[in-house]
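Note sheet for the following structure.
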Amino acid sequence: MTAPDPAAAAASAPAAAAPAAPNGSAPAAAPPDPKADPNASGQPPEQQKPVLPDATSDGEIKTTVDSADPDASRVEGRAGRQRQHSIENARVKVAGDMVGGDKLVVSLGGAEPAPLQVLAAWMSEPVRHAFVPPDDWDDVRHAAGGRRVVVLRAEPGHGKVAAAIKLLQSPPDRRIFNLDRNVDLRGLGHWLDTDAKSDDPLPRSAGFLLCEPLAWSQTSAWVLQQLEPTLKHIDARLIITVTADAALADPDLTSYVVTLPPPKEQTTVLASHVAWSLGRPRADAERLLADPKLAEFADKVFSADRTMKAAADLAVMIGQELDGATVDLTRLERRWLERATEDFEIWFGGLPDVPTRCLAIALAVLNGLPYEMIVYAAGRLAERLDGPHDGADGDRPRPPWRDPFAATRGELLRLLRAQIRTTTVRGPFGNAPAEVMEYVGDDYASAVLTRVWREYRIQLPLMVWLRDLADNPSEDVRIWTGTALGVFAKQAFDFVHRNAMAPMAIDEKFWLRDVAATALGVPAGDARMRPLVEAAVGGWYSNENNRLGQATAARVWGSTLGVHSPDRALNALERLTTIDDRRVARAVGDSMSDLLLADEDGNAIRVLRRVGSWLFDDQRALSGTFVFLWLADNLTSDPPGGGGTWPMLLFIADQRPELRDKLLQMWHQVIRSGLLGDTTARVLGHWADLAEVDPDVRRALANMLAALPGRIGVADVVELNVRAQLTQWLTPDTLQPKSLTAYAVEAELAKRNGSR
């Protein structure tokens, strides 16, 4: 593959004409044919994606959209930074910050994993809203106040864990972490010191909760004493709970001990938790509990189990069995007999029917996305598991028809322990107000997905359902779906790979290939599973008979593996640029975008230098041109301190002198070569649109375009093409004229050329 002859291009491009065609011939005078020109399709600018065509059998390079391409306009596409933000958000909302399973393990200071997890919302939220303080609670708070380490001692069942959490919830925004019972307290100080010096430390003023440590009988006072300076340095607190009969191995430990008084009556605690669970005033809860049969059952429960946890658990079950103004006692009694040991098990096991459980699963997959999207996805899953509407028998629908008015949104939120939050979401037309639905607890989404996968025989229907969601027009839905697939892949990598990721990785639809790459990002975040990801990607990468698989491999190297090894990723992507296939080139462009955004300061030089080298390599010139224009078109920057939106490459050229000359050389070569001329014109027009509304962007663009031509006084192909762009921006039939930008560029060219 060779680039067109610049001399021929220059000779054929008059000053007022459009840029030279890629084969060096003069552009046709006829109006553009929508079938041949992707930019004449009438699509909005954000949906017009440049494509790199295949080579035909005779070696001719086509620059039109192939008719076999999937209809990219049916799905929403985002600029690189927005996609990057969505991926990061999905991993937090769905995968628990890249960790599946039951525990959020934190690696302190990037070193060995510490026995530490974020305190689950199902533990913290009931305490925050429904805690009933015992008598003399002010004395407890005073005794514990100001101490970095507290040993809270109480009789079994007196609510010492809830009391410890309540103490740590002051201030209310404190992040609380739960320590494993087998933690080595002697090493915790070193872990925290190391973490405080890392690039991504734990938040300051954190609270640490340690419940009945296994090694308590061997713990000496000096172990806690050596923790105090570290905790003070990071403004943190540690509360250790022990039973009243737990022996103190060292008499000096008494200075850390605070004794919790006996709790209030269980009925009082029950009323408080029922009121919070139902979102009603305390008086309403007390009236509900005054029902003689319910009160009799509660007395029976409390006579057998005198713990405060029994009261809290019973409140959860009462909320689940509430039918209007009464509680179904038969089901409540049965559920209590089947009571699990963990609150999460009680909650999920108590969801009443298939549609509600499907809503819980859909919320786990799309946690934090608009309410309507989640309800739609839940309905699709329920149809697979419960069957679609079967029609009606006379005036009566037959099962499994589901009454859409069976439960209000408020009732569903209570059942699901979820909330509605008003925010703005980014759509194809910009930011728009929306109500998003999300679990109250940060850990619930990953916990639901893990439990559903492990406990129920619906793995294959889940894969089929997620494959359907992956074809959704919304990019956020696709990203969240891919992240959920990744959570499942951590449970059963081979099964998920075989039934979901591998078929999507070789699908004609690029958005499904992107979902497969997103899914692999979750197991790749675990160093133990990363070799599995690399092995799967290696099979696609090396299969020269399947360009679609190679395109997916490119996406995985850029968006997933490149985070851990950017140089290896760049080498892998560079080898793919010799492939003359638009699908592979698009994937390389997206991946170079992801690599740059993953570490803008560190990776900008290595990414741009690598792309720049491709422009001057005959084997890689076409792919290199495509990738450069892809970066130029898809990456924007919003400078700190306000102002307008900049093309990111223009902002880098304006703010980073060490990269300015490199970017000027790259633009000069792209325009001079004539490759992908229509796309080049469209990208420059996009930059001019941004410049038209911001004088700083306009100044920078005018300076850049004026600096592109070669020797002063010599009308070369680059200057001719720049002037052709100015003419196009000013032509009367241009729907979005860019007159301010055109005049600014013309003024800079005149200044450069001595006003000739």
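Note that the numbering runs from 1 along the sequence shown for the chain. Note that these values count all heavy atoms, side chains included, but never hydrogens, waters or copies made by symmetry.
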Quiz item: Is E296 atom CD crowded by more than 12 heavy atoms from other residues, nucleotides or ligands, each under 6.0 Å away?
Solution: no
Quiz item: Does the side chain of L227 come within less than 4.5 Å of R148's, by heavy atoms?
Solution: no
Quiz item: Nearest 0.5 Å, what's the CG-CG distance between L185 and L179?
Solution: 7.5 Å
Quiz item: Looking at P126 and H273, what are the two nearest heavy atoms and their distance?
Solution: CB-CE1, 3.8 Å
Practice problem: Answer yes or no: are there more than 12 heavy-atom neighbours, outside R147 itself, under 6.0 Å from its atom CZ? | Solution: yes
Practice problem: Answer yes or no: is there a donor N or O on one side and an acceptor on the other, between the side chain of E333 and the main chain of T330, under 3.5 Å? | Solution: no
Quiz item: Is the shortest heavy-atom distance from the side chain of L248 to the side chain of V151 under 4.5 Å?
Solution: no
Quiz item: Distance-only, no hydrogens or angles: does the R478 side chain make a donor-acceptor pair with backbone N or O of N472 under 3.5 Å?
Solution: yes
Quiz item: Just by modelled atom types, is the Y456 backbone N or O under 3.5 Å from a matching donor or acceptor in the Q459 side chain?
Solution: yes
Quiz item: Any idea which heavy atoms bring A130 and S272 closest together, and the distance?
Solution: O-OG, 2.8 Å
Quiz item: For L329 and E321, what are the C-alpha separation, side-chain angles and deciding distance, and is it a side-chain contact (heavy atoms from CB on, under 4.5 Å)?
Solution: CA-CA 8 Å; L329 276 174; E321 297 303 341; over 6 Å; no
Quiz item: Quick one: do E212 and K160 make a salt bridge, cutoff under 4.0 Å?
Solution: yes
Self-check item: N/O donor-acceptor pair under 3.5 Å between T450 side chain and A447 backbone
Solution: no
Exercise. To the nearest 0.5 Å, tell me how far T518 OG1 sits from L485 CG.
Key: 9.5 Å
Practice problem: Could you tell me whether a side-chain N or O of D235 sits under 3.5 Å from a main-chain N or O of R204, the two making a donor and an acceptor? | Solution: no
Quiz item: Between CE of M437 and CD1 of I374, what distance do you get to the nearest 0.5 Å?
Solution: 6.0 Å
Quiz item: After noting the C-alpha distance and the side-chain angles of L385 and C358, does the key distance pass the side-chain contact (heavy atoms from CB on, under 4.5 Å) rule?
Solution: CA-CA 9 Å; L385 300 180; C358 289; 3.8 Å; yes
Exercise. Please report the closest heavy-atom contact between V301 and W336, naming both atoms and the distance.
Key: CG1-CZ2, 3.2 Å
Quiz prompt | Within 6.0 Å of CZ in R181, more than 12 heavy atoms from elsewhere | solution = yes
Practice problem: Classify the ring geometry between H129 and W276 as parallel (under 30°), tilted (30 to 60°) or perpendicular (over 60°). | Solution: parallel
Exercise. Evaluate the side-chain proximity of L314 to F297: yes if any heavy-atom separation is below 4.5 Å, no if none is.
Key: yes
Self-check item: 4.5 Å side-chain heavy-atom contact, L168 and L119
Solution: no
Self-check item: Check: Q419 and E438 side chains under 4.5 Å, non-hydrogen atoms
Solution: yes
Exercise. Determine whether L231 and R237 make a side-chain contact, defined as any pair of heavy atoms from C-beta on separated by less than 4.5 Å.
Key: no
Quiz item: Minimum heavy-atom separation for W216 to A247, with atom names?
Solution: NE1-O, 3.3 Å
Quiz prompt | Heavy-atom neighbours of Y376 OH exceed 12 at 6.0 Å | solution = no
Exercise. Kindly compute the distance separating CH2 (W465) from CG (L381), expressed to the nearest 0.5 Å.
Key: 5.0 Å
Practice problem: Kindly compute the distance separating CG (D291) from OG1 (T326), expressed to the nearest 0.5 Å. | Solution: 8.5 Å
Exercise. Check whether any side-chain N or O of R174 sits under 3.5 Å from a backbone N or O of S170 as a donor-acceptor pair, and report yes or no.
Key: yes
Quiz prompt | Side-chain donor/acceptor of D353 to backbone N/O of T356, under 3.5 Å | solution = yes
Practice problem: Answer yes or no: does atom CZ of R306 have more than 12 heavy-atom neighbours from other residues, nucleotides or ligands under 6.0 Å? | Solution: no
Quiz prompt | E265 atom CD, neighbour heavy-atom count above 12 within 6.0 Å | solution = no
Quiz prompt | Flag side-chain contact, heavy atom, 4.5 Å: D284 against L278 | solution = no
Exercise. Tell me yes or no: between the side chains of T307 and D305, is some donor less than 3.5 Å from an acceptor?
Key: yes
Quiz item: Taking C-beta and beyond as the side chain, do L209 and I165 meet within less than 4.5 Å on heavy atoms?
Solution: yes
Quiz item: So how far is it from L449 CG to K490 NZ, rounded to the nearest 0.5 Å?
Solution: 13.0 Å
Self-check item: Atom of T481, atom of A470 and distance for their closest heavy-atom approach
Solution: CG2-N, 4.0 Å
Self-check item: N178 side chain vs A120 backbone, donor-acceptor pair below 3.5 Å
Solution: no
Quiz item: Can a cation-pi geometry be assigned to R409 and Y371, taking NZ or CZ under 6.0 Å from the six-membered ring centre and within 45° of the ring axis?
Solution: yes
Quiz item: Which pair of non-hydrogen atoms, one from F208 and one from A236, has the smallest distance, and what is that distance?
Solution: CE1-CB, 3.8 Å
Practice problem: Could you verify whether a donor N or O on one side chain and an acceptor N or O on the other, from D245 and T243, lie under 3.5 Å apart? | Solution: yes
Quiz item: Does the pair M308 and Q266 meet the rule for a side-chain contact (heavy atoms from CB on, under 4.5 Å), with working shown?
Solution: CA-CA 6 Å; M308 295 302 104; Q266 283 175 296; 3.5 Å; yes
Quiz item: For E228, what residues pass the salt bridge (Lys or Arg N to Asp or Glu O under 4.0 Å) criterion, not counting sequence neighbours?
Solution: none
Practice problem: With side-chain contact (heavy atoms from CB on, under 4.5 Å) as the test, would you mind laying out the steps for N367 and V448 before giving the verdict? | Solution: CA-CA 11 Å; N367 191 38; V448 167; over 6 Å; no
